[in-house]
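Working notes, structure below.
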Number of protein chains: 2
Amino acid sequence: MKFAKIPMATINRLSIYMRTLQEMLEDDVDVISSERLAKQCGVNPAQIRKDLAYFGEFGVRGVGYRVNDLVVQIKDILGLNRPWNLAMIGVGNLGSALLRHGNFIKHGYIFTAAFDVDPKKVGKRLPNGVIVNHVDELEEKIKEKEVLMGLITTPASEAQNIANQLVLAGINGILNFAPVQIQVPDCCHVENVDFTIKLDSIAYHLSASS
Amino acid sequence: MKFAKIPMATINRLSIYMRTLQEMLEDDVDVISSERLAKQCGVNPAQIRKDLAYFGEFGVRGVGYRVNDLVVQIKDILGLNRPWNLAMIGVGNLGSALLRHGNFIKHGYIFTAAFDVDPKKVGKRLPNGVIVNHVDELEEKIKEKEVLMGLITTPASEAQNIANQLVLAGINGILNFAPVQIQVPDCCHVENVDFTIKLDSIAYHLSASS
DNA sequence: TCGGCAATGTGAATTATATCACATTTTCGT
DNA sequence: ACGAAAATGTGATATAATTCACATTGCCGA
């Protein structure tokens with residue numbers, strides 16, 4: 001099953017299912033139907049079953065899904081049954097807010113390195129104990145700290161340059177917060193987080209509907 | 001043309017084209033082909049032409065698109081030929097980083113209100129001059145400050161409650177940073193920004209390819 | 001003025017994604 | 001032990017988005 005081509009959208013939905021299921025666990029729900037889960041996640045029930053069917057059979061007919069088991073299965077599918085070390089490149093407003101943000105650690109993502117070019121920031125110790133390094137030391141530290149993904153929160157003008165360096169350092173997963181499209185070789189997977197694109201989309205909908 | 005159903009993906013791409021074009025303007029490029037723009041944006045040239053074709057004919061055959069004109073046209077399409085007032089709900093790490101973030105104002109988005117429940121924060125003046133209000137005053141201040149979109153950066157547990165209040169206050173565009181799916185009536189358009197979903201997606205790709 | 005070139009705009013074809021609908025399997029009550 | 005009820009898993013269908021391929025159009029140089 002794992003060899004069929006999986007839609008990107010499926011992968012994203014699996015994360016959403018997982019989150020919702022984790023919340024349900026806390027409310028002591030132990031079995032859930034695709035219908036109820038779908039309502040909670042705002043999707044079609046068949047969608048959920050199809051998404052899961054790409055990877056196996058996880059439910060019990062006539063009953064539903066065991067919440068706890070399904071969380072474990074989804075974690076397995078996504079590769080979340082292990083910690084992932086992250087590096088933050090750019091310790092400005094946004095970068096430092098994210099470094100302090102609890103959601104990363106909660107989901108198994110650990111910042112083990114941080115970089116900036118500002119001499120005032122280099123050498124400082126972050127609340128999580130990580131010391132900010134100069135970008136010149138990127139490759140060295142990334143290897144030392146066994147970083148597997150890089151988060152770019154530099155100004156847009158630096159993002160491509162940093163991405164190149166990350167790739168050279170052997171990183172092949174990048175989460176890019178800078179509002180530019182960065183170009184990387186195929187071996188590297190980039191995801192973009194761009195607030196203003198989302199705002200533009202809202203602006204469009206509000207304008208168009210009025 | 002505006003009555004054909006426009007793919008959501010098209011709207012998002014228009015933002016990306018606009019950004020790229022704005023950068024080109026600064027480099028004194030004044031005409032661009034769909035091919036070159038496509039390469040820069042990482043999409044197919046025909047895609048760009050199709051996307052634009054939903055809204056009209058903006059190019060010159062044999063020549064390309066006048067960069068400046070196209071930026072204006074896209075702004076018109078998206079409703080960005082006017083300022084949009086924003087409210088931030090939740091002035092924690094992330095909220096205050098975003099309030100200070102220059103990209104919003106650069107693209108015509110103006111924070112005119114901010115809310116929190118923490119008495120230590122309420123009453124404080126932000127760098128942009130806005131004073132943090134208590135969430136109890138949400139409806140009143142949102143109307144007073146003519147806010148049209150709300151950004152939710154509260155803890156996940158509060159997000160739905162805040163969304164409800166925003167809707168009651170007449171807001172119909174929400175950018176949700178909390179890692180939950182919030183439910184709103186159809187009149188309201190929600191976009192989600194969820195870092196950990198993106199990280200999960202990267203984790204999947206790194207795990208699957210190895 | 002005219003011919004060739006370049007790049008748009010767009011119908012057709014392809015590919016991808018989502019939904020339906022139902023046969024299948026399991027549980028549970030009698 | 002059996003039949004009804006419930007909810008999965010999935011082939012078929014419908015919908016949506018992307019890409020192709022080319023006819024069309026405007027520009028420029030000789």
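As the structure is a computational prediction, the values presented were derived from the model and not from experiment. Within every chain, numbering begins at 1; the chains are lettered A, B, ... in the order of the sequence lines, protein sequences first and strands thereafter.
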**Item:** Rounded distance (Å) that lies between atom P of dT8(D) and atom CG of Leu70(A)
**Value:** 11 Å
**Request:** Rounded to the nearest angstrom, tell me the gap between atom CE in Met8(A) and atom P in dT18(D).
**Result:** 14 Å
**Request:** To the nearest Å, give me how far apart CZ (Arg66(B)) and P (dC27(D)) are.
**Result:** 12 Å
**Asked** Can Thr10(B) and Asn12(B) be counted as having a side-chain donor-acceptor contact under 3.5 angstrom?
**Response** no
**Asked** So, Glu23(B) and Arg19(B), do they make that salt bridge, N to O below 4.0 Å?
**Response** no
**Asked** Roughly how many Å is it from CD1 in Ile6(B) to C1' in dT18(D), rounded to a whole number?
**Response** 15 Å
**Closest to the Glu57(B) side chain, choosing from dG26(D), dT17(C), dT10(C)** = dT10(C)
**Request:** Respond yes when some side-chain nitrogen or oxygen of Gln47(B) is under 4.0 Å from OP1 or OP2 of dA17(D), and no when none is.
**Result:** no
**Asked** Between Glu35(A) (side chain) and Ala46(A) (backbone), is there a donor-acceptor pair under 3.5 Å?
**Response** no
**Phosphate contact (dT18(D) OP1 or OP2) by Tyr54(B) side-chain N/O below 4.0 Å** = no
**Rounded interatomic separation in angstrom, taking CG from Asp51(A) and C1' from dT8(D)** = 14 Å
**Asked** Leu80(A) and Asp200(B): which non-hydrogen atoms are nearest, and at how many Å?
**Response** CD1-OD1, 3.5 Å
**Prompt:** Base, sugar-phosphate alone, or nothing: which one does Thr10(A) contact when heavy atoms must sit under 4.0 Å apart?
**Reply:** nothing
**Item:** Atom-to-atom span, CG of Leu52(A) to P of dA18(C) - whole angstrom
**Value:** 14 Å
**Message:** If the cut-off is 4.0 Å, is Arg13(A) near the phosphate of dT17(C), judged by side-chain N/O to OP1 or OP2?
**Reply:** no
**Message:** Both Val60(B) and Ile32(A) contact DNA chain D. Which one's nearest nucleotide lies toward the 5' end?
**Reply:** Ile32(A)
**Message:** Is it the case that the side chain of Gln160(A) and the backbone of Gln183(A) share a donor-acceptor pair, with hydrogens and angles ignored and the cut-off at 3.5 Å?
**Reply:** yes
**Asked** Among the nucleotides dC27(D), dA23(C), dA18(C), which one has an atom lying closest to any side-chain atom of Ala9(A)?
**Response** dA18(C)
**Request:** Quickly work out the Ile48(A) CD1 to dA7(D) C1' distance and round it to whole Å.
**Result:** 13 Å
Please write out the pairs of protein N or O atoms and N or O atoms of nucleotides 11-15 of chain D separated by less than 3.5 Å, giving the distance to one decimal.
from, atom 1, to, atom 2, distance (Å)
dG11(D), O6, Lys50(A), NZ, 3.0
dA12(D), N6, Lys50(A), NZ, 3.2

**Asked** Does Asp116(A) use its side chain to pair, donor to acceptor, with the backbone of Asp118(A) at less than 3.5 Å?
**Response** yes
**Message:** Can you confirm whether Ile74(B) sits close enough to Leu21(B) that some side-chain heavy atom of one is under 4.5 Å from a side-chain heavy atom of the other?
**Reply:** yes
**Fill in**
Of the candidates dG26(D), dT27(C), dT8(D), the side chain of Arg61(B) sits closest to dG26(D)
**Selection from dT26(C), dT10(C), dC20(C) that lies nearest to any side-chain heavy atom of Asn44(A)** = dC20(C)
**Request:** Output the single nucleotide from dG9(C), dA21(D), dT8(D) whose closest atom is nearest the side chain of Ala46(B).
**Result:** dA21(D)
**Item:** Arg36(B) vs dA7(C): side-chain N/O to OP1/OP2 distance below 4.0 Å
**Value:** no
**Asked** Are Phe195(B) and Phe177(A) close enough, and set up right, to give a ring pair (Phe, Tyr, Trp, His ring centres under 6.0 Å), and what steps lead you there?
**Response** CA-CA 10 Å; Phe195(B) 324 134; Phe177(A) 289 79; 5.5 Å; yes
**Message:** Regarding dG9(D), can its base be found pairing with the side chain of Arg49(A) as donor and acceptor, where the two atoms are less than 3.5 Å apart?
**Reply:** yes
**Request:** Please state how far atom CD in Glu35(B) lies from atom P in dT19(D), giving the value in whole angstrom units.
**Result:** 14 Å
**Message:** On the nucleotide dA7(C), are OP1 or OP2 found under 4.0 Å from the side-chain N or O atoms that Ser33(B) carries?
**Reply:** no
